[in-house]
J.: 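Have a look at the structure that comes next, please.
Hydrogens, waters and symmetry mates are skipped; everything else that's a heavy atom, side chains included, is used. Letters go in sequence order (proteins before strands), and every chain restarts at 1.
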There are 4 protein chains.
Amino acid sequence: MVASTVLPPTEHEDPRRAKSRSRALTAAVELLREEGLQGLTIEAVAVRSGVAKTTIYRQFENRDELHLAAISSVACHVPMADSGDLISDVTEFCIGLDHKLRNGDFGAVLPTGFDGAERSETLARMVHDTGLQRRAALLERLRSAERDGELIAGIDADLLNSQLVGPLFYRRFISRQPAGPEWVERLVAAVLTPLVRSSSAVPVRGGRPR
Amino acid sequence: MVASTVLPPTEHEDPRRAKSRSRALTAAVELLREEGLQGLTIEAVAVRSGVAKTTIYRQFENRDELHLAAISSVACHVPMADSGDLISDVTEFCIGLDHKLRNGDFGAVLPTGFDGAERSETLARMVHDTGLQRRAALLERLRSAERDGELIAGIDADLLNSQLVGPLFYRRFISRQPAGPEWVERLVAAVLTPLVRSSSAVPVRGGRPR
Amino acid sequence: MVASTVLPPTEHEDPRRAKSRSRALTAAVELLREEGLQGLTIEAVAVRSGVAKTTIYRQFENRDELHLAAISSVACHVPMADSGDLISDVTEFCIGLDHKLRNGDFGAVLPTGFDGAERSETLARMVHDTGLQRRAALLERLRSAERDGELIAGIDADLLNSQLVGPLFYRRFISRQPAGPEWVERLVAAVLTPLVRSSSAVPVRGGRPR
Amino acid sequence: MVASTVLPPTEHEDPRRAKSRSRALTAAVELLREEGLQGLTIEAVAVRSGVAKTTIYRQFENRDELHLAAISSVACHVPMADSGDLISDVTEFCIGLDHKLRNGDFGAVLPTGFDGAERSETLARMVHDTGLQRRAALLERLRSAERDGELIAGIDADLLNSQLVGPLFYRRFISRQPAGPEWVERLVAAVLTPLVRSSSAVPVRGGRPR
DNA sequence: GCCTAAACGAGACGGTACGTCGGGTCTTTTA
DNA sequence: TAAAAGACCCGACGTACCGTCTCGTTTAGGC
């Protein structure tokens with residue numbers, strides 16, 4: 001997903017290299033998912049992937065680089081619809097995100113990076129970057145709703161982003177509480193309803209207080 | 001904070017034991033803060049604390065136990081005032097939490113447990129438990145506001161908890177964005193205002209839709 | 001035989017250390033004998049001896065140190081009789097040496113050090129030192145014969161040492177020709193007869209010219 | 001000196017092949033001289049010679065073959081004069097040999113083969129063969145002296161060879177003692193004088209030089 | 001105030017993984 | 001067509017920690 005570690009982009013890459021790389025990454029992700037960061041061992045990757053240790057080191061400088069690449073390889077796309085109904089679109093989006101956090105490689109691999117991100121700028125950026133697409137999609141949808149008059153004017157999209165996805169991450173990784181579609185639905189409603197222009201028909205007067 | 005590993009609570013503990021334990025824990029927390037989980041090495045703890053490796057193992061079964069104990073030793077108390085003004089109380093509370101997440105041992109050590117919590121039930125509980133006091137205090141304050149009529153009736157305290165602290169954790173550990181008192185203030189306002197019973201004006205009738 | 005690598009001689013050595021050391025050395029010598037220097041691998045020694053790699057490294061800084069210790073551990077004693085008959089004593093001595101060169105660990109392990117001795121002063125000394133006892137014994141016996149009048153006066157003991165043992169080493173390690181007791185006997189006779197004072201028969205007059 | 005590894009002798013050899021081969025061999029000898037057998041690395045040879053690893057492997061089956069070829073490439077010729085004066089001819093010859101043992105590539109590279117020769121018949125033969133010319137020359141000169149009556153009849157040329165060159169090799173490679181022209185002179189005198197025909201007698205005047 | 005049981009430090013041990021170097025095989029690109 | 005470049009798998013290197021295990025040596029605390 002994210003740029004591969006320093007490679008002449010135009011130049012032709014040896015297909016053997018590419019294959020080794022992908023096999024190693026696959027094994028790395030599996031190990032991260034199954035055993036966490038401490039299970040991500042170059043030797044384990046070598047055994048599982050059938051790629052020799054030396055070959056792995058030829059592509060990844062050390063365990064941390066491999067870890068990085070593994071994380072960036074699971075960054076995922078959460079689609080955002082634009083049906084005209086903001087709340088339902090965002091709800092669907094958040095349910096999708098929650099599902100990915102709880103079921104896919106993404107949610108399994110992501111927390112292996114939280115600690116390292118405290119000290120490694122690169123890792124921090126990588127962890128952050130996995131959210132870029134999602135964030136952009138959400139912001140775009142909010143702005144579009146603002147333009148359409150569905151939302152009141154003057155929203156703080158960044159705050160809204162934190163309000164919407166923050167609780168999902170929090171419950172998934174920190175408080176480790178369940179979420180589920182209904183819960184997500186309630187969350188989105190709680191966050192957005194106060195900002196939707198006179199919900200029902202006439203958006204006449206009496207905007208909701210901020 | 002949390003119960004120490006299996007110790008006859010009534011019985012008198014050898015002061016040497018206690019001292020070794022505390023020196024080891026201190027060193028462990030320092031190492032976690034400075035180098036993260038991978039810096040938490042029994043040998044490093046031994047060197048830094050001056051406590052022999054053997055002695056450490058006498059008190060902590062293995063590295064994970066020590067990690068656990070270190071995390072639980074930094075759990076912190078966030079005070080919650082009850083001035084009658086819910087929003088200002090909660091804002092203050094959230095600012096305090098954000099500060100602890102970003103400045104103290106607590107915020108530094110916590111993320112070392114996120115990955116392990118995925119696989120270790122004990123660690124998961126420990127990470128979760130560090131939030132118990134905070135959660136209880138927040139819930140209590142919300143209920144009190146509900147009782148006082150400051151909040152509308154029928155609030156979902158758990159949802160509100162996630163809405164309030166979720167974004168703080170998210171920005172601190174995942175998106176790694178700044179927060180700051182003003183931002184926290186806006187967050188709390190956004191979350192709570194819609195639920196506050198027609199603030200100033202007589203709380204006549206016409207509760208806000210949930 | 002030779003001094004062990006830097007050890008407080010008076011102080012009590014951990015018996016575990018001593019045992020590990022000896023097991024490692026035994027395995028090392030076996031490997032050198034069977035496969036030569038390139039077979040002397042720390043890992044092979046670990047496997048064969050049952051001593052862990054780390055433990056080996058605790059006692060020997062690296063492969064070369066172990067090699068050194070192995071060589072010095074096989075230095076052997078060649079006994080020298082003093083029956084009054086120089087030629088028979090020396091012949092017996094040389095036959096014994098030749099036998100050790102061709103049959104024991106000594107002769108098998110020694111050549112593994114020849115190449116290294118070209119560059120390592122320590123190894124050079126070690127190789128050299130394995131001959132010290134032998135050389136001293138031979139020189140002593142020659143001097144004793146000189147004192148007894150069995151040999152003419154003014155012998156060059158060092159030259160004689162080279163003349164006696166040199167050919168044995170040469171045929172064993174360089175030309176790789178057989179020797180055998182009769183051959184050694186002829187060598188000793190050829191070297192010493194010209195220097196023996198008119199053997200049994202009247203030592204009257206006519207000493208051999210030097 | 002010795003036949004190169006399997007090469008149709010009549011057939012025309014590709015000049016590129018020959019050049020690669022010779023560059024590799026040169027580098028190999030240099031490495032052996034400078035760092036000994038363990039410095040003889042295919043990769044080091046490739047780097048130093050500018051010949052690719054693949055190309056080296058095309059000409060030498062493996063490291064041992066290259067080592068073999070390197071040794072055989074330094075075999076040297078020691079000239080033997082026949083001035084009529086055996087002792088002086090042999091002395092000169094031995095001084096020349098000693099010089100080659102101590103100064104040229106020959107003496108530097110030879111000991112890298114001693115250990116391997118213990119286990120590899122091919123290498124043993126190679127090491128042995130480096131002495132063939134020398135041995136033949138010496139034997140021929142001795143027989144010529146015998147025929148001329150300079151030596152007593154019935155000499156054991158093989159024994160004499162060992163007596164003459166054995167000490168030189170011994171002091172060079174095993175005891176690592178100095179030799180030098182004077183020492184060699186004394187050695188040759190000690191070995192040959194007793195076998196030279198009645199010094200005094202016939203050759204009237206002109207006593208044998210010391 | 002002494003003495004014994006415990007806790008302690010020092011450190012050896014068998015292991016696992018690290019990241020590096022070299023071996024020997026192979027494929028791909030260049031001349 | 002062969003040499004050069006370099007990827008590949010493999011095995012050994014020497015290092016860092018792991019968790020276990022003697023060892024002697026303090027040192028509390030019950031007598």
Side-chain angles (χ1 to χ4, degrees), chain A residues 12-21 38-47 50-63 65, chain B residues 12-21 38-47 50-65, chain C residues 12-21 38-47 49-65, chain D residues 14-17 19-20 38-47 50-64 66:
Chain A
H12 169 63
E13 183 182 20
D14 192 318
R16 290 172 295 175
R17 244 186 116 83
K19 190 175 171 197
S20 297
R21 181 181 183 85
Q38 77 170 354
L40 183 67
T41 270
I42 299 286
E43 307 219 321
V45 171
V47 167
V51 173
K53 210 166 57 141
T54 16
T55 302
I56 297 173
Y57 276 110
R58 220 171 276 120
Q59 307 222 29
F60 307 96
E61 215 167 87
N62 51 37
R63 203 191 67 138
E65 287 270 318
Chain B
H12 170 65
E13 185 182 22
D14 190 318
R16 290 171 294 176
R17 246 186 113 82
K19 190 175 171 197
S20 297
R21 182 180 182 84
Q38 79 171 350
L40 183 66
T41 269
I42 298 287
E43 307 218 323
V45 170
V47 167
V51 173
K53 217 166 65 147
T54 347
T55 304
I56 297 172
Y57 275 109
R58 234 171 256 128
Q59 307 222 29
F60 306 96
E61 214 167 88
N62 51 37
R63 203 189 70 138
D64 289 350
E65 288 272 318
Chain C
H12 168 65
E13 184 184 20
D14 192 320
R16 289 171 295 176
R17 247 187 113 82
K19 191 176 171 195
S20 298
R21 182 180 182 85
Q38 76 169 355
L40 184 66
T41 269
I42 298 285
E43 306 219 321
V45 171
V47 168
S49 66
V51 172
K53 209 167 60 142
T54 19
T55 302
I56 297 173
Y57 276 109
R58 227 169 265 124
Q59 306 223 29
F60 307 95
E61 217 167 83
N62 51 38
R63 203 191 69 139
D64 288 351
E65 286 270 318
Chain D
D14 189 317
R16 287 174 296 178
R17 244 186 115 82
K19 190 175 172 197
S20 296
Q38 77 171 353
L40 183 67
T41 270
I42 299 285
E43 306 215 323
V45 170
V47 167
V51 173
K53 221 166 65 148
T54 346
T55 307
I56 297 172
Y57 274 108
R58 219 170 275 122
Q59 307 224 27
F60 306 96
E61 212 166 273
N62 51 36
R63 203 190 70 138
D64 289 351
L66 173 58

J.: Using modelled atom types and a 3.5 Å cut-off, is there a donor and acceptor pairing between side-chain atoms of C:Ser20 and backbone atoms of C:Arg16?
T.: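 At least one qualifying donor-acceptor pair exists.
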J.: Is it the case that the side chain of D:Arg63 and the backbone of D:Leu40 share a donor-acceptor pair, with hydrogens and angles ignored and the cut-off at 3.5 Å?
T.: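 Yes, the answer is positive, given that a donor and an acceptor are paired below the 3.5 Å cut-off.
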J.: What are the two closest non-hydrogen atoms of A:Ala52 and A:Ala46, and how far apart are they?
T.: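 Shortest heavy-atom contact: C-CB, 4.4 Å.
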J.: Calculate the interatomic distance between D:Lys19 atom NZ and F:dA4 atom C1'; express it in whole Å.
T.: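 Atom NZ in D:Lys19 sits about 14 Å away from atom C1' in F:dA4.
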J.: For D:Val51 and for A:Ala18, locate the closest nucleotide of DNA chain F by heavy-atom distance; then report the residue assigned to the nucleotide nearer the 5' terminus.
T.: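 Looking at DNA chain F, the more 5' nearest nucleotide goes with D:Val51.
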J.: Base, backbone or nothing for each nucleotide of nucleotides 17-23 of chain E, written B, S, -, heavy atoms under 4.0 angstrom, 5' to 3'?
T.: SBBBBBB
J.: Can you check each nucleotide of nucleotides 25-31 of chain F against protein heavy atoms at under 4.0 Å and return B for base, S for sugar-phosphate only, - for none, in 5' to 3' order?
T.: -BBSS--
J.: Looking at A:Tyr57 and A:Asn62, what are the two nearest heavy atoms and their distance?
T.: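 Looks like CE2-CA, 4.1 Å.
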J.: From CD1 of D:Ile56 over to P of F:dG6, roughly how many Å is that when rounded to an integer?
T.: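 After rounding, the reported distance stands at 15 Å.
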J.: Evaluate the criterion side-chain contact (heavy atoms from CB on, under 4.5 Å) for residue pair D:Val45 and D:Val51; output intermediate values, then yes/no.
T.: CA-CA 8 Å; D:Val45 170; D:Val51 173; over 6 Å; no
J.: Are the side chain of A:Gln59 and the backbone of A:Arg17 linked by a donor-acceptor contact shorter than 3.5 Å?
T.: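 At least one qualifying donor-acceptor pair exists.
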J.: Would you name the heavy atoms of B:Ala44 and B:Gly39 that are closest together and state the gap between them?
T.: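 Taking B:Ala44 first and B:Gly39 second, the nearest heavy atoms are CB-O, 4.2 Å.
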J.: Going from CZ on B:Arg21 to CZ on B:Arg58, what distance comes out if it is rounded to the nearest 0.5 angstrom?
T.: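 Interatomic distance, B:Arg21 CZ to B:Arg58 CZ, rounded to 0.5 Å: 14.5 Å.
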J.: Taking 4.0 Å as the cut-off, does a side-chain nitrogen or oxygen of C:Thr55 come that near to OP1 or OP2 on E:dG14?
T.: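 Result: yes.
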J.: E:dG9 P sits how many Å from B:Gln59 CD, rounded?
T.: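 Value for this atom pair: 10 Å.
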J.: Nearest whole Å is fine: how far is F:dA16 P from A:Gln38 CD?
T.: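 A:Gln38 atom CD is separated from F:dA16 atom P by 21 Å.
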